[in-house]
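Please read the structure below before turning to the comments.
Everything numeric in this text was worked out from a predicted model, so none of it was measured. Indexing begins at 1, ligand by ligand and atom by atom, following the structure's order.
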Amino acid sequence: MVIRESRGSKKACIHSSSSSTDLPLFKSNTMSKVHILVFPYPAQGHILPLLDLTHHLALAGITITIIITPKNLPILTPLLSSHPNTIQTLVLPFPPHPKIPAAAENIREVGNAGNYPFINALSKLQPQIIHWFTTHPNPPAALLSEFFLGWTQQLADQLTIPRIAFYSVAAFFTTVFTRCWHNSNEINNNNNSEIHFHGIPGTPSFKRDHLPSVFLRYRESDPDAEFVKESFLSNDAAWACVFNTFHALESTYLDHIRAELGHARVYAVGPLGSNRAENPSAGSEVLNWLDALEEEGSVLYVCFGSQKLLKKKQMEALALGLERSQTRFVWVAPTPSEEQMEEGYGSVPDGFVDRVSGRGVVVTGWVPQVAILSHRVVGGFLSHCGWNSVTEAMVSGVVIVGWPMEADQFLNARLLMEERGVAVRVCEGGDSVPDPDELGRVVKRVMSAESPEKQRAKLMREEGVRAVSEGGDSSMEVDRLIEALLQLGDKQGR
Ligand code: UDP
């Protein structure tokens with residue numbers, strides 16, 4: 001079966017306001033005048049968890065303004081309709097940049113190579129934000145902005161308000177990433193095949209290619225690159241930081257970050273998104289297909305995030321591997337455009353869907369990933385190890401079959417495989433082609449009920465669910481963060 005859904009039907013993630021894990025302390029009657037400015041980075045994997053957190057803040061009665069550019073505004077629709085009185089938007093035109101095609105406003109439209117121009121372009125919004133702030137009758141008491149917008153630290157300094165940096169990535173990734181920027185020359189001049197990170201717990205080491213791609217793009221003395229470096233380094237000066245992670249997964253690195261920063265305003269509030277409200281029509285056919293199955297944990301979900309397309313050879317190998325795994329699966333395989341086909345990207349091989357009929361489903365559009373992962377019959381996730389996918393898998397108790405490709409994915413995979421034992425590696429690298437026999441064998445082994453990785457993933461689920469339940473670590477950290485923001489509002493009011 002092939003299911004086509006429009007990939008344009010992406011909706012922002014929000015927690016259901018009737019969730020039992022909503023904030024117990026601040027739920028209904030703590031209406032406060034505190035006003036917070038939220039600035040997300042326009043890439044799906046960055047914007048969704050920050051909107052989740054914003055939903056929590058709005059539930060606590062905090063007034064919020066979200067900075068957004070016009071084409072990204074629809075992503076906010078579900079959140080805005082849930083909080084018509086507490087959340088407003090500051091819609092600013094996307095500033096032009098010679099390396100950004102006209103009308104592109106989201107990284108999805110340009111790929112990860114667009115990060116440097118995007119970070120530079122968005123910094124041009126500063127004068128308009130300052131003007132809005134200085135003429136506002138109740139200006140924000142704090143700025144909550146993505147770590148990809150580190151330059152907003154200077155903005156907050158100018159506005160004389162504290163900045164809270166939101167990290168849509170792992171704490172482990174952040175420790176390595178921060179170290180990369182602080183030692184950029186040393187790392188760039190290091191010819192060793194493995195780069196060792198002394199002083200980080202466990203002294204992790206990585207092949208150069210596996211370091212964060214946004215760091216690998218850095219070229220000294222290129223003005224855009226220098227600005228990006230300064231921007232990331234500015235995150236160190238944030239008044240507080242918030243991570244979409246939880247203690248059972250990353251306490252070592254959260255403690256390390258607290259020690260490095262020298263303060264305790266480091267909040268682990270994840271996994272965010274577990275009660276995400278999705279577009280109700282998206283993915284209904286897949287969910288119906290899953291509903292009709294019986295065997296718990298028997299289905300492998302295959303999806304490589306919101307941006308990644310595979311080359312033709314990769315698609316063929318993956319299709320063969322899935323066939324050979326003899327495992328039930330749902331494969332999210334967006335169809336490339338004609339132009340992308342000419343560049344070598346591929347769709348599922350001809351005849352594949354018929355050959356796996358009854359055992360596998362191919363979806364070409366956007367699916368409600370959180371709902372799929374938490375479905376009782378889904379037990380595994382063949383993933384690129386993007387951090388949102390990781391946290392969503394962890395709270396669903398689903399074992400990860402990892403194929404890290406770029407960005408933070410190699411580091412995430414290391415954390416899951418070598419430290420937590422909840423994932424196995426099946427391939428590595430954005431251009432690599434998996435061996436179909438090996439892929440089939442690994443999937444079959446990991447998906448069996450006895451696989452130790454699967455059992456550990458189930459235990460991790462208990463930890464993740466506990467973390468966001470009332471009285472859990474992450475739930476209490478959200479409360480602490482809200483309390484801190486309310487106090488900032490009180491100070492401003494005095
Ligand atoms: N996602 C989804 N449906 C899809 C594809 C992706 O809901 O069809 C969501 C997924 O749940 C996750 C995000 O998109 O929240 C992808 O983020 P991740 O960090 O895993 O990868 P990225 O897209 O940043 O590479």
**Request:** Within a distance under 4.0 Å of any heavy atom of Trp387, pick out the atoms of ligand 1 and give their elements.
**Result:** 19 (O)

**Asked** Should the proximity of His384 to ligand 1, defined as any heavy atom under 4.0 Å, be assigned to the side chain, the backbone, both, or neither?
**Response** side chain

**Request:** Run the contact test for Lys308 against ligand 1 with a 4.0 Å cut-off on heavy atoms, strictly below, and give the result.
**Result:** no

Would a line drawn from the ring center of [X] to the ring center of [Y] be shorter than 6.0 Å?
| X | Y | value |
| --- | --- | --- |
| Phe177 | Phe232 | yes |
| Phe304 | Trp403 | yes |
| Tyr167 | Phe148 | no |

**Asked** Relative to the ring of His46, is the ring of Phe147 parallel (under 30°), tilted (30 to 60°) or perpendicular (over 60°)?
**Response** parallel

**Ring geometry between Phe381 and Tyr301 (parallel below 30°, tilted from 30 to 60°, perpendicular above 60°)** = tilted

**Item:** Nearest-option assignment for atom 3 (N) of ligand 1, heavy atoms, candidates Val363, Leu272, Val332, Val367
**Value:** Val367

**Prompt:** Hey, looking at atom 11 (O) of ligand 1, which of Gln307, Glu392, Gln44 has the closest heavy atom?
**Reply:** Glu392

